[in-house]
Protein chains: 2
Amino acid sequence: METVTHLVAAGAPEEAVGMGRVTLKTVAEAVGVSRMTVSNAFSKPDQLSPDLRERILETAAELGYLGPDPAARALARGSVGAVGVVLTDSLEGAFLDPVSAAFFGAVADTLAPTGLAVSLIPAARAGDHLAARDLPIDGALVCACDVGQESVEWLRRRGLPLVFVDNEALPGYARVGLDEREGGRLAAQHLIDLGHTDIAIFTIDPSGAPGWVDDPTARLVNTVADERRAGAVEAISAAGLMPRMLTIEDNDEAHALPGARELLGGAAPTGVVSFSDDMAAAVIGAAREASIAVPAELSVVGFDDAPIARAVTPGLTTIRQDFRAKGRAAAEALVSAIAAQRESDDGPVPAADGEHRIAVPVELVVRDSTAAARGTT
Amino acid sequence: METVTHLVAAGAPEEAVGMGRVTLKTVAEAVGVSRMTVSNAFSKPDQLSPDLRERILETAAELGYLGPDPAARALARGSVGAVGVVLTDSLEGAFLDPVSAAFFGAVADTLAPTGLAVSLIPAARAGDHLAARDLPIDGALVCACDVGQESVEWLRRRGLPLVFVDNEALPGYARVGLDEREGGRLAAQHLIDLGHTDIAIFTIDPSGAPGWVDDPTARLVNTVADERRAGAVEAISAAGLMPRMLTIEDNDEAHALPGARELLGGAAPTGVVSFSDDMAAAVIGAAREASIAVPAELSVVGFDDAPIARAVTPGLTTIRQDFRAKGRAAAEALVSAIAAQRESDDGPVPAADGEHRIAVPVELVVRDSTAAARGTT
DNA sequence: CAACCGATCTATACCGGTACAGTAACTCCG
DNA sequence: CGGAGTTACTGTACCGGTATAGATCGGTTG
């Protein structure tokens with residue numbers, strides 16, 4: 001029963017000037033009790049008589065004592081009250097993407113009631129600082145970034161509870177991710193159901209040379225992209241069709257539009273499964289340039305159901321990812337990982353059972369960018 | 001000269017099992033030197049001979065010592081390496097808004113090279129925890145939220161360096177914000193220049209009753225909204241025209257569309273200055289419903305230049321806020337406030353000069369949602 | 001030759017709390 | 001009336017570092 005109740009002084013902080021810092025000791029001496037009793041007055045009210053507690057709190061307020069110093073408390077208790085989140089190298093980039101920003105918000109919101117704050121961990125080192133090594137945190141989320149990174153390695157070495165999001169987890173750690181493969185399958189199957197027979201996959205491959213890919217069944221480096229690809233290829237192959245695939249380097253406007261032009265440049269497919277809504281929007285843009293009617297002549301499926309999916313004309317048929325559910329799942333997994341570590345502490349098993357893999361479901365949202373293939377009833 | 005260099009062991013962490021925690025002491029005893037020397041080996045390399053340092057680092061690596069414990073270091077040094085950001089009550093909401101998400105990203109990115117991590121501070125209390133009081137941080141950004149909040153009050157009492165963003169600052173603290181008023185003026189002036197004479201202001205007023213406002217010159221509660229309103233009213237009045245104003249409760253889709261319908265319902269204005277791009281988009285949507293042509297019959301100006309400004313058809317004329325510049329300015333102001341406090345420390349003046357008010361410039365971006373008023377050359 | 005110096009390393013005293021194991025007084029019960 | 005159980009508080013030992021002021025020593029310097 002840990003019930004902290006701080007007095008909120010009505011007036012000014014009364015900070016007795018000149019007097020050094022006000023600590024437990026200061027208050028203890030003023031009241032004439034031991035340091036420990038003052039500490040308890042703030043952190044464990046049931047450990048002392050109500051009237052003494054009252055007196056202590058009062059004196060503390062007069063002296064300008066604000067309550068336990070967070071840093072000191074963190075050291076003594078062994079827990080900080082914050083968890084880290086490792087995103088990409090460019091935090092700015094991560095937050096420009098509405099999907100990842102929303103995910104982050106959902107994480108923070110889910111964590112808020114537990115009293116945990118969320119700290120962004122810059123992946124890169126800053127001079128001699130490396131946040132993943134130097135920042136006091138109780139655990140961390142590793143999101144959609146290279147697992148081999150120095151930062152991730154440090155988090156691991158520190159023995160922190162970790163949860164991997166949209167990423168292959170290191171062995172022994174929990175993982176939360178979309179059911180990407182199912183998403184890819186749903187997207188492709190939707191086009192198949194509409195009677196399309198020439199379906200192209202438009203995705204990213206940061207490492208490979210951009211352009212048409214010889215073998216769409218070959219793995220991609222980017223895990224997420226690969227899963228979506230695999231799902232689509234599965235569905236297309238199962239329908240007895242041959243998939244085509246064109247990749248670009250990165251999921252941004254600069255790469256997407258040229259890629260989309262190339263996609264439609266030669267013998268244009270009648271259906272496109274895209275890695276993202278942004279890329280799907282680029283395909284629609286390229287189609288407009290080439291006077292290809294969407295959805296009459298070309299059906300386009302996106303992925304994510306980002307805001308742009310609705311903003312674009314025609315509205316994008318897409319695979320909705322419930323970023324809120326993903327954020328919640330990730331936050332909850334992390335909280336329980338932290339709790340588990342606290343339990344076992346020096347207990348025998350660190351995280352042996354923790355091979356949790358949580359798949360967040362996806363859903364097909366049909367809007368106006370897809371229609372039955374020509375020549376189909 | 002603080003040059004931390006940690007050994008990154010190639011292999012496994014070699015964590016000597018069973019052995020309790022590995023601390024400075026462990027390493028010191030193993031090497032046969034004092035604790036302090038080991039500490040220096042990690043934190044102040046120039047304080048000991050290179051070869052001894054080498055030996056210490058080696059032994060440390062063997063023992064599985066990871067370097068100074070962040071929490072302990074934070075206590076001893078009096079600085080944590082993280083700053084807080086207070087946003088709205090709903091973090092999720094804040095990150096759903098691309099503008100505030102991008103701002104946050106810019107802050108994080110600017111701070112990254114300084115080694116500071118960014119912690120989100122949930123404004124609401126969680127049980128007995130209140131992040132603003134309990135989280136170890138070196139300073140904080142207070143963004144677009146009620147300054148009277150309990151959280152803000154705690155940050156102040158803790159004596160932390162603070163910077164207020166998009167907000168009136170508490171006395172003595174720095175403030176960073178857009179030049180909102182100028183933005184409002186630019187938006188309205190643009191319509192005036194196009195010959196519009198019936199210009200309506202479409203904005204938010206969380207506290208008031210939604211609907212047409214009798215006196216557009218009366219102050220709004222929301223500071224940002226009020227500044228933009230004031231700017232627009234200034235320009236319109238200066239042109240010898242009478243402004244009209246309609247408010248809605250909140251800047252979201254649920255409120256914006258009905259509000260926009262009402263705006264155009266009766267005698268529709270020929271020009272609208274909106275509080276945000278989202279609301280401007282809603283106006284365009286409502287205009288389409290009512291078969292009012294934009295921009296031929298109705299000119300609409302947004303605010304923010306959020307992604308939706310480009311996504312919508314016709315492209316939105318809007319006031320661009322450089323969220324990157326704003327984020328950078330806020331981050332820099334905070335960093336210097338932290339530095340200043342560290343300097344003065346127990347020095348005489350806490351932040352007397354710090355009445356900095358940094359105005360981030362805005363800019364009119366003309367797209368296709370505005371045109372000359374009918375009957376104008 | 002004594003005083004002085006910089007380069008290295010050590011000793012001590014915090015930083016500001018919390019955990020845990022008492023201790024003393026007071027109640028309850030057979 | 002003796003022992004078990006509470007309640008209310010205190011003492012001590014950390015948590016794991018860092019700052020600061022010495023101590024030690026070979027080498028200068030006037």
Side-chain angles (χ1 to χ4, degrees), chain A residues 1-2 4 6 20-29 31-56 60 63-81 133-136 138 158-159 342 345-346, chain B residues 1-2 4 6 20-29 31-56 60 63-81 133-136 138 158-159 342 345-346:
Chain A
M1 185 175 304
E2 176 143 335
V4 182
H6 293 267
R21 219 160 143 61
V22 189
T23 73
L24 277 188
K25 196 170 158 188
T26 324
V27 179
E29 280 164 5
V31 182
V33 293
S34 79
R35 236 155 30 115
M36 202 57 237
T37 304
V38 178
S39 171
N40 284 335
F42 279 92
S43 303
K44 296 184 180 171
D46 54 340
Q47 297 291 306
L48 72 170
S49 66
D51 58 336
L52 174 57
R53 178 171 134 83
E54 186 66 19
R55 248 176 45 230
I56 293 177
L63 260 42
Y65 179 69
L66 299 171
D69 176 87
R73 177 186 278 217
L75 175 58
R77 294 225 277 217
S79 83
V80 180
R133 156 161 57 71
D134 301 329
L135 191 70
D138 297 326
R158 280 173 70 177
R342 220 190 298 289
D345 207 343
D346 44 12
Chain B
M1 181 176 307
E2 175 143 334
V4 182
H6 294 268
R21 220 157 141 61
V22 189
T23 74
L24 279 188
K25 196 171 158 188
T26 324
V27 179
E29 280 164 4
V31 182
V33 294
S34 80
R35 234 152 35 113
M36 202 56 236
T37 305
V38 179
S39 172
N40 284 334
F42 280 91
S43 303
K44 296 184 179 171
D46 53 341
Q47 296 293 306
L48 70 172
S49 65
D51 57 337
L52 174 56
R53 177 172 134 83
E54 186 68 19
R55 249 175 46 231
I56 292 177
L63 261 40
Y65 179 70
L66 300 170
D69 175 87
R73 176 187 281 220
L75 174 59
R77 294 224 279 215
S79 84
V80 179
R133 159 162 51 73
D134 301 331
L135 191 70
D138 297 326
R158 281 173 69 177
R342 221 192 298 289
D345 207 341
D346 44 11

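Lettering of chains follows the sequences in order, A, B, ..., and the numbering in each one begins at 1. Keep in mind that this is a model prediction, so the values were computed, not measured.
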Separation of [X] atom [atom1] from [N] atom [atom2], in whole Å?
| X | N | atom1 | atom2 | value |
| --- | --- | --- | --- | --- |
| A/Arg21 | C/dC14 | CZ | P | 16 Å |
| B/Arg77 | D/dG16 | CZ | C1' | 13 Å |
| A/Glu29 | D/dT10 | CD | C1' | 15 Å |
| B/Leu24 | D/dC15 | CG | C1' | 12 Å |
| A/Asp46 | D/dC9 | CG | P | 12 Å |
| B/Lys25 | D/dT18 | NZ | C1' | 17 Å |
| A/Asp69 | C/dC14 | CG | P | 17 Å |
| B/Phe42 | D/dT18 | CZ | P | 10 Å |

Picking from [options], which would you name as closest to the side chain of [X]?
| X | options | value |
| --- | --- | --- |
| B/Pro68 | D/dC9, D/dG17, C/dT18 | D/dG17 |
| B/Ala76 | D/dA19, D/dC9, D/dG16 | D/dG16 |
| B/Tyr65 | C/dT10, D/dT10, D/dG17 | D/dG17 |
| A/Lys44 | D/dT18, C/dA19, C/dT10 | C/dA19 |

Margin query: Quiz question: going by heavy-atom distance under 3.5 Å, is there a donor-acceptor pair between the base of D/dG16 and the side chain of B/Arg35?
Written below: no
Using 0.5 Å steps for rounding, measure from the [atom1] atom of [X] to the [atom2] atom of [Y].
| X | Y | atom1 | atom2 | result |
| --- | --- | --- | --- | --- |
| B/Asp69 | A/Arg158 | CG | CZ | 7.5 Å |
| B/Leu24 | B/Glu29 | CG | CD | 11.0 Å |
| A/Lys44 | A/Met36 | NZ | CE | 6.5 Å |
| A/Leu48 | A/Arg55 | CG | CZ | 10.0 Å |
| A/Arg21 | A/Leu66 | CZ | CG | 8.0 Å |

Next item on the list: Under 4.0 Å between any heavy atoms, over every strand shown, what does A/Thr23 touch: base, sugar-phosphate, or nothing? Just pick one.
Entry: sugar-phosphate
Notebook entry, point to check: With a 4.0 Å cut-off on heavy atoms, is A/Ser49 in touch with a base, just the backbone sugar-phosphate, or nothing at all?
Noted result: sugar-phosphate
Check: Looking at A/Thr37, does any N or O in its side chain come under 4.0 Å of the phosphate oxygens OP1/OP2 on D/dT10?
Finding: yes
Note to self: Please determine whether a side-chain nitrogen or oxygen atom of A/Ser43 lies at a distance below 4.0 Å from atom OP1 or OP2 of C/dG17.
What the structure shows: no
Margin query: On DNA chain D, does the nearest nucleotide to A/Leu52 precede the nearest nucleotide to B/Leu75 from the 5' side, or the other way round? Give the residue.
Written below: A/Leu52
Checklist line | First encountered from the 5' end of DNA chain D, between A/Pro50 and A/Met36 | finding: A/Pro50
Next item on the list: Take B/Leu48 and A/Asn40, find for each the nucleotide of DNA chain C with the closest heavy atom, and name the residue whose nucleotide sits nearer the 5' end.
Entry: B/Leu48
